[in-house]
Structures are given as structure tokens and as C-alpha cells.
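Because only heavy atoms are used, hydrogens play no part in the values below, and waters and symmetry mates are left out as well, while side chains stay in.
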Amino acid sequence: MSSIVVVGAGIFGVTAAWELARRGWDVTVLDPGSIPRAVAASTDVSKVIRADYGADALYTGMARAALAGWDRWNAEWPRPLYHQSGFLLLAREDMTPGQFEYESFQLLAREGQPVRRLMTEERASRFPAWPVARYPDGYFNERAGWAESANVVTHAAGLARAAGVAFHEGDGFSHLIERGQRVAGVSTSSGHDLRADIVLVAAGAWTPTLLPQLERVMWATGQPVVHVDAGSSERWRAPQFPVWAADISRTGWYGFPALADGALKIGHHGSGRRVHPDDPRVVLPEEIDRVRAFLEESLPDLAGAPVRSARLCLYCDTFDGDFLIDHDPDRPGLVVAAGDSGHGFKFAPILGALIADAVERRDQPWLPRFRWRSRGPDTREAARSNA
Ligand SMILES: Cc1cc2nc3c(=O)[nH]c(=O)nc-3n(C[C@H](O)[C@H](O)[C@H](O)COP(=O)(O)OP(=O)(O)OC[C@H]3O[C@@H](n4cnc5c(N)ncnc54)[C@H](O)[C@@H]3O)c2cc1C
């Protein structure tokens, strides 16, 4: 039986550990926190689950496979953690070729997905919170929604334990144990040596700090998340107020329906700010002001809503926005699964098998996109709104 130490118990690490245990590996998972760790990117009340990826057929295909997985988990698990509220994508101008909303709509429509372009009257009656004048175009995707991410990590970790995975909570990776060229295990912060055939580092935004050879390829980016109090009105809940994106490719704004307790989450998928993953997680006053300004323009009836909470969550950004899931070509025995770039959680139901296939060097059609790569003068660079 082959053995593996998995560094990091976020959604990448936990789903990989679970799948590898099911494939007969002897699996140990390390994490300095308790699972799910409060500061982990995977630990939140909600994440968007969508297949709307512009003209990118690979991610669209992966997301559609993941959606089938969310249905399966909803059927198998004690209660559904994926909520198919639908996804409303609004555009500040008419949707045109080359634009994210237009290309997403075209690709999903071609694939027979339940997407519907919204004419003004229909939009005004179905989604009344959004001023038509500000968002003259857009579409609604029924086959999308949100998942209770922290609860998903908790439940998946429970299933991984049941499959034989050993979790070392409260103890983290300190450094690699190397024997000659080969990685032979890890030393932990509490001074234990864990030897294994393979070490899988899935430490999210901490990955380039633990493995400095990756600093040019990936880094930690702070992204503020704000919850306002929307009260108990159905106006702020699905179906009238589903998961939404407000001209996201140009503005970065997206968000969720209010939860049962009235908390309504607003996120910004923008350039964010570079941070060290262990820096204090502070949301700056100007970041709150920016949310206020957005609400005044786009959701005026929420502009005065009190801020319930704010959190700085971290992306592990890669230079091109693609994940990195592969063996380190210079260090046999070391595999990395990181670089989520702010869009990895939706793939949870297929992530474990994808990462396990990479560990086992299996041919898998999506993996070449996530191969080990370096940054050069001609490499594609990811661009996000910095509005
Ligand atoms: C603001 C925000 C909004 C997002 N919204 C969405 C969304 O709507 N939809 C979507 O699909 N994705 C979204 N994402 C992305 C998604 O959250 C990530 O892709 C995913 O959670 C990354 O999982 P991970 O396991 O790589 O990292 P994490 O969940 O961060 O887990 C990394 C783990 O590594 C551990 N670790 C750190 N140091 C060590 C060490 N020394 N030893 C051992 N373990 C260590 C940490 O404790 C942590 O538990 C969002 C991310 C952010 C930040």
C-alpha cells in the first residue's frame, strides 16, 4: 500500500485525501487548525456554483460534471448543501461578442443548458431589486446556485475519516524531508517526522510560503467579503433574488441571496491585494466604502443596510488564473494541488478524483491545463476587474 501525506485540509486537500483512501492509499492529513479552519478559503457560509465561464469550454465542461456531483451529494448526504437558486448575470451594456456574459450565454445555450436571456419586462417582474436602467441586459441560468462551503468541508472530512484517513489537526507542515533528490516525507511544526511515498501540498494561499520555488507562479491575494443585514423580506431571497453577478467581468461584483438570519453576502472578484497568508485579516474602511458605493448605485434599497460582518479571504492566485495540480519535476515525491485563483470550490465533487489522477500520473483530459509550468515573457496572464 502506498502512503501519502497531504498538507492542508481545505477542499483541495480533504477531497484528495478521501479519494486516495478510497483507492487504497494510506493517507495522513496535516493542518495547523481544526477542520474546517476559520481562515481557510474553503471555510465560508456560501460559494457560487456555476458553469458560466465565458468561452472557456474546459472549465464549463468541468463545472457541468461537478454539478452532477453536487446533485449526487445532495441525494446521498443527510441534507442538501448545494442550493440551486439559479444565477442571474447582469450586464451594464448590451451583451456583445467577446464579452464574458455574452460568451457564457452562447456556450451554455449551445450545450442545451437552461439559460434564458432576459427582456426588460421579464427582468423587472422576476428580479425587481435590480434597476433596469443600470443593467439593461443579462441572462438567468437555472442550473446554478450556491453551496454551504464550510459544511461541505466538514462533511467530506467525516467521510474521509470513515474511509481511513488519519487527520493531524493542530499540527502543520514545517519542511520537507529529502533523501537525495527524492522527497521522503515532511517534518511538522511540533517536530514529528512523517515519512511517505508521496507528499501532496494542498495548502491554498499558504502554498508559495511553504514551497518558495513557486513564488513566481502563485501568491496570496486578499479579497474582502461583506455581509449586510437584509432583514426577513422575501425580496432578498430566491427566487426573486438568486445568486448574482453585476457586470462582473468589468466591475467584479457578485453575491448571494440573504440567508435565513438575514445575512446577505457581497463579494468582489477583483485584483484584490497581495498579502502574507499569516498577516492579520483586516478589511479596510475603504473596502467597506466601496461596497456601500456599489449598493447605492446598483441595489439602492440595500444601501442603508447595516454591515453584519466583514472578512478578508485569500485566493491562491496563479499568473494565468489556472490551478496547478502536478508533480514537481525537480523533486520526485512532491505533488502540488493549489492555485485556485478564487474559483476552485465549485469543483469540489470532481476535485478529489482529479488530484488523485495527478498523483497516480493517470491520463485525464483536464489535467494538462493544470500542469507544472513557469512564467515567461510570452505566457498568458490572468486579468480581473480592478474597479
Ligand atoms: C473571497 C473568496 C470568495 C470565493 N468565492 C468562490 C465561489 O463563489 N465559488 C468558487 O468556486 N470558489 C470561490 N472561491 C475559491 C475557493 O474558496 C477556493 O478555490 C478553495 O476554497 C481553495 O481551497 P484550498 O483547499 O486550496 O485552500 P484552503 O481552503 O485555504 O485550505 C488550505 C488549508 O491549508 C492549511 N495550511 C496552511 N498552512 C499549513 C501548514 N503549514 N501545514 C498544513 N496545512 C496548512 C490551512 O490551514 C487550510 O486549511 C472564493 C475564494 C475567496 C477567497
Quick one: sort the Phe347 and Phe323 rings into parallel, tilted or perpendicular, breaks at 30° and 60°. perpendicular
Over all heavy atoms of both residues, which pair between Phe167 and Ala157 is shortest? Give the atoms and the distance, please. CE1-O, 3.7 Å
Can a donor-acceptor pair be found, under 3.5 Å and without considering hydrogens, that links the side chain of Asp31 to the backbone of Ala9? yes
Counting only heavy atoms not in Arg116, do more than 12 sit closer than 6.0 Å to its CZ atom? no
I'd like to know if Glu148 and Arg79 make a salt bridge, using a cut-off of under 4.0 Å between side-chain N and carboxylate O. yes
Could you tell me how the ring of Phe241 sits relative to the ring of Trp236: parallel (under 30°), tilted (30 to 60°) or perpendicular (over 60°)? perpendicular
Show the nearest heavy-atom pair for residues Glu234 and Gln240, with the distance to one decimal. O-NE2, 3.8 Å
May I have the step-by-step check of side chain to side chain contact (heavy atoms under 4.5 Å, CB included) for Ile198 and His327, ending in yes or no? CA-CA 10 Å; Ile198 296 275; His327 289 251; 4.2 Å; yes
Separation of Phe12 CZ from Thr15 OG1 (nearest 0.5 Å): 7.5 Å
same_hphob_cluster(Val335, Trp366) at 4.5 Å side-chain heavy-atom cutoff: yes
Is the shortest side-chain N to carboxylate O distance from Glu169 to Arg161 below 4.0 Å? yes
Any Val5 side-chain heavy atom under 4.5 Å of Phe173 side chain: no
Lys346/Asp52 salt bridge by N-O under 4.0 Å criterion: no
Give, for atom CG of Asp328 and atom CG of Leu211, the distance between the pair rounded to the nearest 0.5 Å. 8.0 Å
With a sphere of 6.0 Å drawn around CZ of Arg361, does it hold more than 12 non-hydrogen atoms of other residues, nucleotides or ligands? no
Quick one: does Val152's side chain get under 4.5 Å of Trp70's, heavy atoms only? yes
Side chains of Asp94 and Tyr102: any donor to acceptor distance under 3.5 Å? no
Is Phe127 reachable from Ile266 through a run of hydrophobic residues whose side-chain heavy atoms are each under 4.5 Å from the next? yes
Spacing of Glu360 atom CD and Ile4 atom CD1 [to the nearest 0.5 Å]: 9.0 Å
Check each of Phe100, Tyr139, Phe87, Tyr53 against Phe105 using the ring pair (Phe, Tyr, Trp, His ring centres under 6.0 Å) test, and report the only one that passes. Tyr139
Are a donor atom and an acceptor atom from the side chains of Ser85 and His83 found within less than 3.5 Å of each other? no
What pair of heavy atoms forms the shortest contact from Pro257 to Pro242, and how long is it? CD-C, 3.9 Å
Report the distance from atom CD of Glu101 to atom CG of Asp247, rounding to the nearest 0.5 Å. 5.5 Å
If you round to the nearest 0.5 Å, how far is CD of Glu296 from CG of Leu302? 11.5 Å
Once you measure the plane-to-plane angle for Tyr254 and His269, does it fall in the parallel (<30°), tilted (30-60°) or perpendicular (>60°) bin? perpendicular
Are Phe294 and His268 an aromatic pair by the rule of ring centers under 6.0 Å? no
Stepwise side chain to side chain contact (heavy atoms under 4.5 Å, CB included) check, Phe345 with Asp44: CA-CA 11 Å; Phe345 197 90; Asp44 206 337; over 6 Å; no
With hydrophobic residues grouped by side-chain heavy-atom distances under 4.5 Å, do Leu20 and Ile350 end up in a single group? yes
With a 4.5 Å cut-off on side-chain heavy atoms, are Tyr82 and Leu67 touching? yes
Count the heavy atoms belonging to other residues, nucleotides or ligands that lie under 6.0 Å from CD of Glu286, then report whether that count exceeds 12. yes
Going by atom types only, do Thr318 and Ser341 share a side-chain donor-acceptor pair under 3.5 Å? yes
Answer yes or no: are there more than 12 heavy-atom neighbours, outside Asp363 itself, under 6.0 Å from its atom CG? no
Step by step, would you call Leu90 with Trp253 a side chain to side chain contact (heavy atoms under 4.5 Å, CB included)? CA-CA 10 Å; Leu90 298 163; Trp253 294 113; over 6 Å; no
Checking Arg92 side chain against Arg134 main chain: does a donor-acceptor pair fall under 3.5 Å? yes
Arg369 side chain reached by Asp56 side chain, heavy atoms, under 4.5 Å: yes
Is Leu58 reachable from Leu351 through a run of hydrophobic residues whose side-chain heavy atoms are each under 4.5 Å from the next? yes
Side-chain heavy atoms of Gln99 within contact of Glu93, under 4.5 Å: no
Examine distances only and state if a side-chain atom of Arg292 and a backbone atom of Ala303 form a donor-acceptor pair shorter than 3.5 Å. yes
Look at the side-chain heavy atoms of Ile, Leu, Val, Met, Phe, Trp and Tyr, link any pair under 4.5 Å apart, and say whether Leu30 and Val336 land in one connected group. yes
Here the gap from Phe256 atom CZ to Arg237 atom CZ, rounded to the nearest 0.5 Å, amounts to 15.0 Å
Is a side-chain N or O of Glu103 found less than 3.5 angstrom from the main chain of Gly98, in a donor-acceptor match? yes
Salt-bridge criterion met for Arg371 and Asp326 (N-O under 4.0 Å): no
Go through the steps to decide whether Val39 and Thr43 satisfy the test side chain to side chain contact (heavy atoms under 4.5 Å, CB included), and finish with yes or no. CA-CA 7 Å; Val39 288; Thr43 309; over 6 Å; no
Between Arg143 and Glu111, does at least one N-O distance fall below 4.0 Å, as a salt bridge requires? no
Determine whether Phe140 and Glu122 make a side-chain contact, defined as any pair of heavy atoms from C-beta on separated by less than 4.5 Å. no
Do Ser374 and Arg216 get their side chains close enough for a donor-acceptor pair, meaning under 3.5 Å? no
Report yes if some heavy atom in the side chain of Leu81 is under 4.5 Å from a heavy atom in the side chain of Trp73; otherwise report no. no
Taking the side chain as C-beta and beyond, is there a heavy-atom pair between Asp137 and Arg117 under 4.5 Å? yes
Between the side chains of Ser190 and Asp171, is a donor N or O closer than 3.5 angstrom to an acceptor N or O? yes
Do other residues, nucleotides or ligands put more than 12 heavy atoms under 6.0 Å from the CZ atom of Arg179? no
